[in-house]
Amino acid sequence: MGKARRRPHQRVHDGDLVVVRVINQYHVCRAQADGDRFAHIKVLERLDDAVALACRVAAYPNRVLLFPQSGTPDFVEVDCAQPAAGAK
């Protein structure tokens, strides 16, 4: 999983990959042109798996964004080039 950094008050852009926690699952989606609609890709049970998938699918200049809770505007941008803390 990539290293994450908080990015408050930024918008989701067309093509960004989004990982959203919904109850005990993580939904991986791609943002559409308006930034408010998403094309579903996959649902996974583990956060690490969802972020890894999003990082594999994302292509520059698109970002991978983690929304820890559904329905909130705050997200964390994931740096897919950096290993997560504690990763080997």
Side-chain angles (χ1 to χ4, degrees):
M1 184 167 101
K3 183 178 177 183
R5 55 187 191 268
R6 186 164 297 282
R7 295 287 185 182
H9 310 298
Q10 284 192 348
R11 286 193 39 81
V12 176
H13 301 287
D14 180 34
D16 285 346
L17 274 287
V18 176
V19 177
V20 181
R21 181 176 183 215
V22 179
I23 306 177
N24 291 324
Q25 297 177 327
Y26 296 91
H27 295 250
V28 180
C29 306
R30 184 177 295 277
Q32 301 299 306
D34 63 6
D36 292 326
R37 291 182 296 148
F38 302 92
H40 180 264
I41 296 174
K42 192 165 187 174
V43 176
L44 296 160
E45 292 187 14
R46 294 185 34 176
L47 174 60
D48 290 349
D49 294 339
V51 171
L53 173 62
C55 284
R56 285 192 308 272
V57 173
Y60 182 82
N62 301 123
R63 304 170 295 169
V64 172
L65 310 174
L66 171 62
F67 285 79
Q69 293 183 314
S70 63
T72 64
D74 295 331
F75 62 81
V76 176
E77 185 175 345
V78 176
D79 183 353
C80 294
Q82 297 292 322
K88 295 181 181 178

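When reading the values below, keep in mind they use all heavy atoms of this one structure, side chains included, and skip hydrogens, waters and symmetry mates. Keep in mind the model is a prediction, meaning the values are calculated, not measured.
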Asks: I need the Lys42 NZ to Asp49 CG distance, nearest 0.5 Å.
Replies: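 Taking NZ in Lys42 and CG in Asp49, the distance rounds to 9.0 Å.
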
Asks: Tell me the closest heavy-atom pair linking Arg21 and Pro68, and the distance in Å.
Replies: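 Nearest pair, atom of Arg21 first, then Pro68: CB-O, 3.2 Å.
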
Asks: Side chain to side chain contact (heavy atoms under 4.5 Å, CB included) for Glu77 and Asp79? Distances and angles first, verdict last.
Replies: CA-CA 7 Å; Glu77 185 175 345; Asp79 183 353; over 6 Å; no

Asks: Does the side chain of Val18 come within less than 4.5 Å of Val12's, by heavy atoms?
Replies: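 In short, these two side chains touch, coming nearer than 4.5 Å.
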
Asks: Can you confirm whether Cys55 sits close enough to Val78 that some side-chain heavy atom of one is under 4.5 Å from a side-chain heavy atom of the other?
Replies: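 Yes, side chains in contact.
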
Asks: Residues two or more places apart in sequence or in another chain: which of them pass side-chain contact (heavy atoms from CB on, under 4.5 Å) with Val57?
Replies: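 Only Leu17, Arg30, Ile41, Leu53 meet the side-chain contact (heavy atoms from CB on, under 4.5 Å) criterion with Val57.
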
Asks: Could you list the residues that satisfy salt bridge (charged side-chain N to carboxylate O under 4.0 Å, His left out) with Arg56, not counting sequence neighbours?
Replies: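 Expected list: none.
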
Asks: Is there a donor-acceptor pair closer than 3.5 Å between any side-chain N or O of Asp16 and the backbone N or O of His13?
Replies: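 A pair under 3.5 Å: yes.
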
Asks: Given 3.5 Å as the limit, does a donor-acceptor pair link the side chain of Asn62 with the main chain of Asp14, or not?
Replies: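 Yes; at least one donor-acceptor contact below 3.5 Å.
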
Asks: Please check if Val43 and Ile23 belong to a single hydrophobic cluster, counting links between Ile, Leu, Val, Met, Phe, Trp and Tyr side chain heavy atoms closer than 4.5 Å.
Replies: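 In one cluster: no.
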
Asks: Taking all non-hydrogen atoms of both residues into account, name the closest pair between Phe38 and Ala31 and its distance.
Replies: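 Minimum heavy-atom separation between Phe38 and Ala31: CD2-CA, 3.6 Å.
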
Asks: Please work out which of the three classes, parallel, tilted or perpendicular, describes the rings of Phe75 and Phe67, given edges at 30° and 60°.
Replies: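 Tilted, since the angle between the ring planes falls between 30° and 60°.
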
Asks: Looking at side-chain heavy atoms only, is the closest gap between Val19 and Leu47 below 4.5 Å?
Replies: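 They are in side-chain contact.
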
